[in-house]
Amino acid sequence: MTLFVYNSYTGTKEAFEPIKPDTVTMYVCGPTVYNRVHIGNARPVVVFDTLYRVLKTLYSSVIYARNITDIDDKIMAAAKAGGETIAAISSRYATAYFDDMAELNNLPPDIIPYATDHVGEMVAMIQTLIDKGHAYEAESHILFDVKSMSGYGKLAKRSLEDMLAGARVDVADYKKYAGDFVLWKPSTDEEPGWDSPWGRGRPGWHLECSAMIEKHLGNTIDIHGGGIDLQFPHHENELAQSTCAHDGEPFVRYWMHNAYINIDGEKMSKSLGNFRMVKDLLDHYPGEVLRFSILSAHYRSELNFSADALDSAQKTLDNLYGVLRSVETTDVDPVIELSDSKVYKALLDDLNTPIAIREIHALAKAMKSASGETQQRLKSELLKSAALMGILQQDPDEWLMVKAGEGDLSDIEVENQVVEMQQARQQKDYKHADDIRDRLQQRGIILTRDGWKRG
RNA sequence: GGCGCGGUGGCAGAGUGGUCAUGCAGCUGACUGCAACUCAGUUAACGCCGGUUCGAUUCCGACCCGCGCCUCCA
């Protein structure tokens with residue numbers, strides 16, 4: 001089986017082939033930790049987590065690194081505003097980030113490098129770039145000399161001249177060329193800083209990824225992922241730094257970028273208030289609903305988040321879990337060849353998760369009408385292929401009974417009410433029975449053929 | 001101003017030069033004391049205008065609309 005991925009660098013879908021036959025190296029840009037993360041930040045995590053799961057089925061070793069940017073002017077501003085150190089701020093929000101991502105069923109990466117742990121490596125890379133004639137010092141800043149690199153702009157597929165022609169931003173006058181970007185900048189005494197050959201200062205944003213990739217994954221990696229917004233300038237500049245520091249060695253074999261999540265702010269705020277942070281969404285929906293919503297669109301398409309879409313995702317998962325619950329699992333777990341799975345096949349085609357989800361529905365439908373061994377085989381295939389996307393792995397009973405933000409009536413109280421209602425029905429005391437039903441409904445209890453559920 | 005992306009049924013969202021996406025919602029039927037749940041079935045789309053073609057939602061061009069990026073500040 002071959003994985004195909006869309007390579008942003010070449011603009012085409014390509015058969016994936018790692019440098020080493022059995023090992024894949026993947027790096028995904030993580031967050032700058034100065035606040036709770038936005039749902040948009042969750043998309044690359046969910047997308048590349050899915051890719052990570054798929055890669056693990058194909059290669060014996062997959063090394064996945066996702067960084068934490070813990071030095072940045074935004075963090076400095078937040079620290080100053082709150083009277084805290086940047087370490088306190090970044091550590092608090094990094095922990096919150098890990099919690100949020102875990103709620104969305106994301107596997108932890110193998111390596112989580114922190115920028116502040118790699119200042120030495122960054123300084124070394126700057127020195128290399130200076131020595132090789134790709135960087136220069138100006139007014140205590142070290143700048144990357146864009147003109148020293150041929151092919152700059154190739155990842156973003158734009159001409160530098162075009163971009164600069166239309167730029168609306170003032171250019172710092174110490175730059176030799178307007179396109180040059182900062183590798184190192186000076187810190188005042190009050191600002192966080194590290195000693196360097198060029199004085200006390202701090203690194204430019206793009207540098208950390210180059211330095212950490214070099215240290216943990218090598219000069220050339222297989223996959224580099226992140227949001228499309230990072231393509232330029234962040235990834236373009238990473239590419240420039242790393243390539244120039246390594247005398248033109250290839251930096252990344254496959255660049256992958258996910259599109260944005262759009263939020264209809266007005267609509268959202270009407271129904272659910274401030275809705276953009278993952279944490280806030282988790283107050284209204286289980287993490288798996290958010291994950292399912294993210295995966296319901298192809299990662300390279302823009303995705304619309306709305307209360308409608310999330311409610312629909314919730315309903316869809318409820319239905320799928322309901323089907324799973326209706327089919328009891330026997331002791332025998334049939335051996336399933338993933339290679340026969342249409343879900344797997346869809347994922348191998350550049351992570352076509354909408355098709356994969358369609359095939360999950362097809363499996364569920366087939367499973368319902370099947371019986372015996374066939375049914376068990378279908379159930380196993382359904383569960384194993386859904387696991388590739390990190391969904392449908394919970395106990396269906398728990399999923400259907402317990403939902404985020406519910407739970408003021410205990411299970412036993414509900415049971416008692418249901419029994420009382422059934423008795424009233426048998427005695428044809430329909431008024432009493434309907435009263436109980438209405439009361440349960442108001443508390444979010446839905447009666448079903450074989451019992452009840454919260455919803 | 002420069003460069004680029006997108007407009008699919010009520011909503012979300014795939015895909016294809018000529019038979020189905022799929023899900024949620026809706027509708028019809030079964031079940032029910034009536035409902036709900038469940039089950040079976042079903043309606044409905046391809047921004048606008050030209051062109052290519054036997055045939056275009058799918059290819060080409062113009063137009064309209066929406067969106068993104070333009071360099072420490074995703």
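In this text, all values refer to a predicted model and were calculated from it rather than measured experimentally. A, B, ... follow the sequence lines: proteins, then strands. Residue 1 opens every chain.
Side-chain to base pairing of A:R358 with B:G23: no donor and acceptor N or O lie closer than 3.5 Å to each other. For A:R202 against B:C72, no side-chain N or O and base N or O form a donor-acceptor pair under 3.5 Å. The base of B:A35 sits with one of its N or O atoms less than 3.5 Å from a complementary donor or acceptor on the side chain of A:R437. A donor-acceptor contact under 3.5 Å links the side chain of A:D434 to the base of B:G33.
Using a 4.0 Å heavy-atom cutoff across all strands shown, A:H234 reaches no nucleic acid atom at all. Nucleic acid contact for A:K368: sugar-phosphate only, since backbone atoms but no base atoms lie under 4.0 Å from a heavy atom of the residue. Looking at heavy-atom distances under 4.0 Å, A:S293 makes no contact with the nucleic acid at all. Backbone-only contact: A:L303 has heavy atoms under 4.0 Å from sugar-phosphate atoms and none from a base. Residue A:E302 is in sugar-phosphate contact alone, with no base atom involved, counting any heavy-atom pair closer than 4.0 Å across all strands shown. Within 4.0 Å (heavy atoms only), A:N352 reaches sugar-phosphate atoms of the nucleic acid but no base atom.
Listed nucleotides B:A74, B:C70, B:A12 differ in distance to A:W205; the shortest reach to its side chain belongs to B:A74. Picking from B:A74, B:U71, B:A36 the nucleotide with the shortest atom distance to the side chain of A:Y152 gives B:U71. For A:H298, taking side-chain heavy atoms from C-beta onward, the closest of the listed nucleotides B:A14, B:C39, B:A12 is B:A14. Closest contact between the side chain of A:H361 and the listed nucleotides B:C34, B:U22, B:C69 involves B:U22. Proximity note for A:T316 (side chain, C-beta onward) versus B:A21, B:U71, B:C24: the nearest is B:C24.
Look at B:C69: its Watson-Crick or wobble partner, with both distances under 3.5 angstrom, is B:G2. The partner of B:C54 is B:G18, judged by Watson-Crick or G-U wobble contacts that both fall below 3.5 Å. In a base pair of the Watson-Crick type (N1 to N3 plus N6-O4 or O6-N4) or a G-U wobble (N1-O2 and O6-N3), with each distance short of 3.5 Å, B:A25 is matched with no nucleotide.
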* What's the verdict on salt bridge (charged side-chain N to carboxylate O under 4.0 Å, His left out) for A:D397 and A:R325, showing C-alpha distance, side-chain angles and the deciding distance? -> CA-CA 7 Å; A:D397 278 322; A:R325 182 170 66 169; 3.4 Å; yes
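Cation-pi geometry between A:R66 and A:F48 is not met: the NZ or CZ atom fails to fall both under 6.0 Å from the ring centre and inside 45° of the normal.
Under the side-chain contact (heavy atoms from CB on, under 4.5 Å) rule, A:I294 has a single partner from A:N258, A:V46, A:T50, A:V289, which is A:V46.
Atom pair A:E359:CD and B:U22:C1' shows a separation of 9 Å (rounding to whole Å applied).
A donor and an acceptor atom, one from each side chain of A:T69 and A:E208, are located under 3.5 Å apart.
A donor-acceptor pair under 3.5 Å is formed between the side chain of A:N7 and the backbone N or O of A:W255.
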